[in-house]
Amino acid sequence: MSQISIEVNEVSKRLGPNQALSGISTRFESARLHGLIGPDGAGKTTLLRILVGLLIKDQGSVTYRDGRDKVPFAEVRPRMAYMPQQQSLYPDLSVSEHLEFFRDLYLIPKEVYTRRRAELLHLTRLEPFQKRAAGKLSGGMYKKLGLMCALLQSPTVVLLDEPTNGVDPISRREFWDLLYRLVKQKVLVIVSTAYMDEAERCNRVHALDAGRVLAAGEPRALLQKAGADNFEKFFQRRAWEAIA
């Protein structure tokens with residue numbers, strides 16, 4: 001399996017009384033850094049969970065492609081990594097113990113694990129903290145440990161739900177540097193964020209609001225078309241247009 005792309009067509013999902021997604025259609029091209037942006041309640045988390053198979057859509061279709069060929073989700077799922085917004089690590093386990101846990105979970109061969117572990121520890125700069133418990137890591141270090149555990153299996157698709165939420169500016173920059181490295185390795189990265197300044201760091205942006213896609217495309221092109229200097233103004237303009 002080489003480079004995966006994902007096509008979403010008219011996908012809807014209701015969660016209790018809320019219509020979380022309302023006929024969303026968009027495309028996530030392979031080997032790109034895609035940003036799902038929008039306010040809280042826009043549908044970002046719901047869409048990510050549908051893409052990774054944690055939620056079942058009510059209507060519509062999601063198509064996975066390897067190059068031009070359609071591939072069943074069952075073949076793609078083992079090569080997908082998902083990092084939820086909520087804390088998902090074990091506070092009493094150390095950095096090393098987390099890596100060993102996910103090694104066993106993914107059944108990673110010893111020689112592959114040894115190489116991958118050393119590579120990820122170097123990239124995340126967590127080498128000096130291997131014995132530190134996750135519960136005693138800073139916010140940025142905690143998020144990087146979560147990403148490292150997700151990347152241990154060398155995924156083809158990585159989905160991250162607001163990974164920089166609550167992280168200091170320096171750690172946020174380091175986190176995005178890690179994501180750029182993944183894209184250079186031909187990994188499809190989809191990251192949701194409520195930080196509008198992060199939208200311009202993406203190759204492509206998918207702007208969501210109230211369960212709908214407002215626009216999708218290259219960030220600067222979307223801003224130019226909307227006559228906005230940044231994505232905060234972009235959403236403000238769309239809100240005024242909706243009222244008018």
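Computed from a predicted structure; not experimentally measured. Counting begins at 1 with the first residue of the sequence.
No donor-acceptor distance shorter than 3.5 angstrom exists from the side chain of K44 to the backbone of S192, with no hydrogens or angles considered. The closest donor-acceptor contact from the side chain of K70 to the backbone of T63 lies at 3.5 Å or more, if one exists at all. Side-chain atoms of Y64 never come within 3.5 Å of backbone atoms of E75 as a donor-acceptor pair (strictly under, hydrogens ignored). One N or O on the side chain of D58 and one on the backbone of R14 form a donor-acceptor pair closer than 3.5 Å. When atom types are taken as modelled, the side chain of K13 and the backbone of I56 share a donor-acceptor pair closer than 3.5 angstrom.
Clustering ILVMFWY residues whenever any of their side-chain heavy atoms sit less than 4.5 angstrom apart, transitively, puts V157 in a cluster other than the one holding L105. Hydrophobic clustering keeps L159 apart from L182 (ILVMFWY residues linked when any side-chain heavy atoms are closer than 4.5 Å, directly or through intermediates). Linking ILVMFWY side-chain heavy atoms closer than 4.5 Å, directly or via other members, places L151 and M141 in a single hydrophobic cluster. Cluster annotation: V158 is not connected to V205 through the hydrophobic network of ILVMFWY side chains, with a link wherever side-chain heavy atoms come within less than 4.5 Å. In the hydrophobic clustering of this structure, L51 groups with Y82; members are Ile, Leu, Val, Met, Phe, Trp, Tyr whose side-chain heavy atoms approach within less than 4.5 Å, directly or through other members.
Side-chain contact check for N230 versus D197: every heavy-atom pair is 4.5 Å or farther apart. With a 4.5 Å cut-off on side-chain heavy atoms, N9 and S25 count as touching. Side-chain contact between T164 and K143 is absent, with no heavy atoms from C-beta onward closer than 4.5 Å. Contact annotation: the side chain of F28 approaches that of V8 to within less than 4.5 Å [non-hydrogen atoms, C-beta and beyond]. Between F234 and M196 there is no side-chain heavy-atom pair separated by less than 4.5 Å. Using a 4.5 Å heavy-atom cutoff, the side chains of H34 and E29 are in contact.
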Pair I24, K57 - check side chain to side chain contact (heavy atoms under 4.5 Å, CB included), show working. CA-CA 11 Å; I24 278 186; K57 60 191 178 302; over 6 Å; no
Apply side chain to side chain contact (heavy atoms under 4.5 Å, CB included) to the pair V95 and L137, showing each step before the final yes or no. CA-CA 9 Å; V95 171; L137 296 174; 4.2 Å; yes
Could you walk me through whether E162 and Y195 pass the side chain to side chain contact (heavy atoms under 4.5 Å, CB included) check? CA-CA 9 Å; E162 300 200 14; Y195 293 123; over 6 Å; no
Side chain to side chain contact (heavy atoms under 4.5 Å, CB included) evaluation trace for V62 with F73: CA-CA 9 Å; V62 178; F73 177 69; over 6 Å; no
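The distance from the CZ atom of R27 to the CZ atom of R204 is 9.0 Å, given to the nearest 0.5 Å. The OG1 atom of T193 lies 8.0 Å from the CG atom of N165; values are rounded to the nearest 0.5 Å. L121 contributes atom CG, which lies 7.0 Å from atom OG of S96 (distance to the nearest 0.5 angstrom). Note that CE of M148 and CG of L99 are 4.5 Å apart. Values are rounded to the nearest 0.5 Å. Within the model, atoms NZ of K186 and CD of Q3 stand 5.5 Å from one another, a figure rounded to the nearest 0.5 Å. Going from atom CG of L55 over to atom CG of L47 covers 10.0 Å, rounded to the nearest 0.5 Å.
Nearest heavy atoms, V11 versus S61: CG2-O, 3.5 Å. Of all heavy-atom pairs spanning P91 and A133, the tightest one is O-CB, 3.4 Å. Taking each heavy atom of V52 and M80 in turn, the nearest pair found is CA-CE, 4.1 Å. Across all non-hydrogen atoms, the minimal contact from E198 to R172 is OE2-NE, 3.1 Å. Considering every non-hydrogen atom in both A226 and R237, the closest pair reads O-CD, 3.3 Å. Here the shortest heavy-atom pairing between L145 and A134 reads CD2-CB, 4.0 Å.
Surrounding CZ of R181 are at most 12 heavy atoms belonging to other residues, nucleotides or ligands under 6.0 Å away. A 6.0 Å sphere centred on CD of E218 holds more than 12 heavy atoms belonging to other residues, nucleotides or ligands. The number of heavy-atom neighbours closer than 6.0 Å to CZ of R125, taken from other residues, nucleotides and ligands shown, is 12 or below. Dense packing is recorded around CD of Q130, with more than 12 heavy atoms of other residues, nucleotides or ligands lying under 6.0 Å away. Counting heavy atoms of neighbouring residues, nucleotides and ligands inside a 6.0 Å radius, atom CZ of R201 exceeds 12 of them.
When only modelled atom types and interatomic distance are considered, R32 and S5 share no side-chain donor-acceptor pair under 3.5 Å.
Looking at E119 and R116, a side-chain N of the basic residue comes within less than 4.0 Å of a carboxylate O on the acidic one, giving a salt bridge. Salt bridge status for D66 with R79: absent, with no side-chain N to carboxylate O gap under 4.0 Å.
Among L147, D177, L178, the one residue that satisfies the side-chain contact (heavy atoms from CB on, under 4.5 Å) test with L123 is L178.
The aromatic rings of Y90 and F101 sit perpendicular to each other, their planes meeting at more than 60°, with 30° as the lower class boundary. Ring planes of Y106 and F102: tilted class, angle from 30 to 60°.
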